[in-house]
A.B. asks: 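Structure in structure tokens, see below.
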Amino acid sequence: MAPARSILLAGLLALAGCRSFDPVVEDPPPFADRVQAQAAEGVTVSCAVPTRAEAEALYGVDLARFGIQPIWLEVDNRDADDRFWWLLPAGMDPHHYSPTEAAYAFHADASSLAEEIEGHFRELHFANPVPPGSKVSGYLLVNLDEGYKAVDVDLMSREASRSFTFVFVDPDFRADFTRVDLDAIWAPEELVHLDTEDELRAAIADLPTCTNDRSGESEGDPLNLVMVGERREVFAAMVRRGWHATELITRGSLWRTVKSFLSGSRYRYSPISPLYVYGRPQDFSAQKARGSINERNHMRFWQTPLRFRGREVWVGQISRDIGVKFTLKSPTISTHVIDPDVDEARRYLLEDLAYSQTVVSVGFVRAQERVTREAPRFNLVGDPYFTDGHRVVMFFERRPVALDAMRFLPWDDPGKVRILTEEAAP
Amino acid sequence: MSRRAPRIAAVLGPGLLAGLLGSCASFDTPPPADLGPVRSRAVEETDEGVRAAAALLTSDELLATFGLDLEARGVQPLWLEVENGTDQPLFFIVTGLDPEYFAPLEVAHLHHRRFSGDRNRRVDEHLAALAFDNRSGILPGEVRSGFVYTNPSIGTKVVDLDLLGDEWATTLTLFVPDPADAEAAARRSTIEARFSSPELVHLEDDAELRAALADLPCCAQDATGEHVAPLNLAVVGEIDRWVPAFQRRGYRYTEVSPLSAFQRPQDAAGRRNARWVDAQPHVVRFWQTPLRFRSLPVWLAAVETPRGGRFAREPDSREADADAARDDAVVDLLYCQNLARMGFARGAGCAASRARTDGVRVALVFDERTIPLDEIRFFDWERLVDIPRPSAP
């Protein structure tokens, strides 16, 4: 099918003076080949995320300038119960933008076009409800995430709900995980397939203990995280809790990091220096900015050759940044002072992801000897750390998993290990 | 002047010197503080075998306990005690209380000094020792207490405590007063005791409530008496049920300009906050009514946004399309986890008002139970699909 191009609101150029507003609505949309669809009990949801350039053409203005991103959705209601379904924008982003509000951002640029812009935004917007037997499509305006975008779609009817989760990778963002082909890290013959929880537990205890430097000779931070699940659920859980993708270290991203270091501001996608496991740098990393770059939590993950009931098993490392110092050991010149209590950061992540509604069970596996507070070890940039020697194992499933449905596996108990030598175990 | 100068220098000099070299860099671990007064004013809740108590400290108590000025660094320690009366170990989820809480050694790091290894180690040990120990589960029968290092709140701190067991969870909500704000408790009891029992109107069935809601005032008025904000929400429930619900969705107590309904300014108001992005700029004002639905107080509220929302150039202007803010706020509140029932009644807005509205007043009934999205029940009143929307501008 040849794309039928219709140019809306052409001729406004004359009215606009030095500004112009000519959005281009294409049918089919330019992202047609990236549309994902999921169905549940008679309701089919299709979803796509336009790139920044596509969104700018469609809306006629650069939404990303104000941190706004459109999501395209289509709901096809073939529900046997003849119900109206309502799409809940707050489930996708509690702080989404109404078309009126988003249009207002451009009033100052083009006040003579204010009404046209608002009218166009309203026309593109997804309009509830979805009546029985019909199909409704349109856009919702949410806060911009670069790199990857997780889209939670909740539909509600009287005493009924349906939940869907989509994950999209931005084809234009140079995220660190685009450097590797996550589907081909291990050759099929290298994979280790595990079926029972006991086998998994033993295999997790045998995973590498710590990160290394490039040569593999020096040991760094302990690998204290394990995640088991579909990539889609794991990524979505992190995005839902405010973890962001990481930009590859490039001249541009370095400059943005240095600027945020100097100004104390947030740069949500700052590069994270490489550490090594299996002789390769992290497959992906994620970070959550807090007050400033000095206060940031970041983590790195590597795909292991383990497959538990067909699902990928990732091993990772998390630390809580509590300050910053200069170093020549990192290409970003600065490095973070980490909270030496690395178990605290591990517990923080578990708690944080428990609220993502996707963690179905949790266990702890002892992976190394305890390191006490009086005799700490040091990571590759010389920061001390101590630990009870456990790694947390989180199993991810489809949303929503309620907090009171989370299972604790009867594995090891980190609470029995004390980090002060004089402390007695409870 | 000149004669006194040397004396001042003589007095200030050693002090200054001591200040520069010593006192600001020194840290002596304070003796264990008497937490008796803190304990005795702690607020307490018990549910499903779990007892929790919490209190905030005055500035003096904080200095005496920590030996450091934590407040100056933007940290508000919350004293917390949990007693586990269940038969399994329980984990307390700190991120539920404050997603950006501070780790003990992080707070310590904020108070570190250069070249003071010994001193810094003492600071570390002291702050770690006072922290609520969360390294292991709280065992059956155990009572555990300590401080959680939170971000400061204004006024009463609403504390959601999530405790997790194996396939089991409970939430306790505590309203912890700020001892520095003695008037807060008085304000609250004034609001709660606004109506005496002869004034109360008791309603039992759904139709009565629908009719009573339709008869309440349509709009809140500004100082000139103009009808400016449709009263588009009716909140049903005890304060302790609906305040946490709004709080979970990011609303925080704020001072906002007074609007008038029932011939008085709002009883309470809130504005949305967000952690990682700019918050939706919803402002909501509440008035208690004399209505009681199945003995629960009924509150009337107006939710609105400034014209232009987050891009507003005049924050005091009002969005003419009043329904958008109401719809966004209501959909968002569906996620508060304790909304039991909702319904669409009439009565909001009027022809005299500048705000365009479809006239719908959304009733929200809050419960103490955790209620998932698909268990929220509906009043059999209006159906949204039947209500014509005012035309877009």
A.B. asks: Need one label for Tyr335(B): side chain, backbone, both or neither, based on atoms under 4.5 Å from any heavy atom in chain A.
C.D. replies: side chain

A.B. asks: Check this for me: does any side-chain nitrogen of one of Asp166(B) and Arg407(A) sit under 4.0 Å from a carboxylate oxygen of the other?
C.D. replies: no

A.B. asks: Examine the side chains of Thr95(B) and Asp352(A) and answer whether a donor and an acceptor come within less than 3.5 Å of each other.
C.D. replies: no

A.B. asks: Would you call Asp124(B) and Arg373(A) a salt bridge, using N to O less than 4.0 angstrom?
C.D. replies: no

A.B. asks: Between Asp327(B) and chain A, which part of the residue has a heavy atom less than 4.5 Å away: side chain, backbone, both or neither?
C.D. replies: neither

A.B. asks: Where does Ile68(A) contact chain B at under 4.5 Å (heavy atoms): side chain, backbone, both or neither?
C.D. replies: side chain

A.B. asks: Validate the cation-pi geometry between Arg320(A) and Tyr101(B): distance from NZ or CZ to the six-membered ring centre under 6.0 Å, angle to the ring axis within 45°.
C.D. replies: yes

A.B. asks: Side chains of Asp98(B) and Asn151(B): do they bring a donor and an acceptor to under 3.5 Å?
C.D. replies: yes

A.B. asks: So which part of Ala279(B) gets closer than 4.5 Å to some heavy atom of chain A, the side chain, the backbone, both or neither?
C.D. replies: both

A.B. asks: Mind ranking Gly308(B), Ala108(B), Ala324(B) by heavy-atom pairs under 4.5 Å with chain A and telling me who comes out on top?
C.D. replies: Gly308(B)

A.B. asks: Measure distances from Ala345(A) to the heavy atoms of chain B and classify the residue's part below 4.5 Å as side chain, backbone, both or neither.
C.D. replies: neither

A.B. asks: In terms of side-chain heavy atoms, does Asn77(A) have a donor or acceptor partner in Ser134(A) at a distance below 3.5 Å?
C.D. replies: no

A.B. asks: Measure Met406(A) against the heavy atoms of chain B and call it side chain, backbone, both or neither at under 4.5 Å.
C.D. replies: both

A.B. asks: Could you tell me which portion of Asp93(A) (side chain, backbone, both or neither) has an atom closer than 4.5 angstrom to a non-hydrogen atom of chain B?
C.D. replies: neither

A.B. asks: Specify which of Leu409(A), Asp341(A), Asp413(A) makes the most heavy-atom pairs with chain B at under 4.5 Å.
C.D. replies: Asp341(A)

A.B. asks: What part of Ala312(B) is in contact with chain A, defined as an atom under 4.5 angstrom from a non-hydrogen atom: side chain, backbone, both or neither?
C.D. replies: backbone

A.B. asks: Determine the option with the most heavy-atom pairs under 4.5 angstrom with chain A, choosing from Arg310(B), Arg249(B), Glu142(B), His282(B).
C.D. replies: Arg310(B)

A.B. asks: Please tell me whether Asp339(A) and His109(B) have a donor and an acceptor in their side chains that are separated by less than 3.5 angstrom.
C.D. replies: no

A.B. asks: Quick one: of Val385(B), Asp332(B), Ile376(B), who has the most non-hydrogen atom pairs under 4.5 Å with chain A?
C.D. replies: Val385(B)

A.B. asks: Side chain, backbone, both or neither: which part of Glu319(B) has an atom under 4.5 Å from a heavy atom of chain A?
C.D. replies: side chain

A.B. asks: Shorter than 4.5 Å, heavy atoms on both sides: which option in Gly165(B), Gly250(B), Gly137(B) has the most such pairs with chain A?
C.D. replies: Gly165(B)

A.B. asks: Check the pair Leu163(B) / Val82(B) against side-chain contact (heavy atoms from CB on, under 4.5 Å), numbers first and verdict last.
C.D. replies: CA-CA 10 Å; Leu163(B) 292 146; Val82(B) 178; 4.1 Å; yes

A.B. asks: In Å, rounded to the nearest 0.5 Å, how long is the span from CZ of Arg347(A) to CZ of Phe91(B)?
C.D. replies: 9.5 Å

A.B. asks: Below 4.0 angstrom, N of the basic side chain to O of the carboxylate: do Arg83(A) and Asp81(A) qualify?
C.D. replies: yes

A.B. asks: May I ask you to decide whether Arg326(B) forms a salt bridge with Asp358(B), counting only side-chain N to carboxylate O separations under 4.0 Å?
C.D. replies: yes

A.B. asks: Below 4.5 Å from any heavy atom of chain A, which atoms of Arg307(B) appear? Answer side chain, backbone, both or neither.
C.D. replies: both

A.B. asks: Hey, which of Ser157(A), Pro89(A), Pro94(A) has the most heavy atom pairs under 4.5 Å with chain B?
C.D. replies: Pro94(A)

A.B. asks: May I ask you to name which of Thr305(B), Thr170(B), Val331(B) has the most heavy-atom pairs under 4.5 Å with chain A?
C.D. replies: Val331(B)

A.B. asks: Which bit of Leu333(B) comes within less than 4.5 Å of chain A, counting heavy atoms only: side chain, backbone, both or neither?
C.D. replies: neither

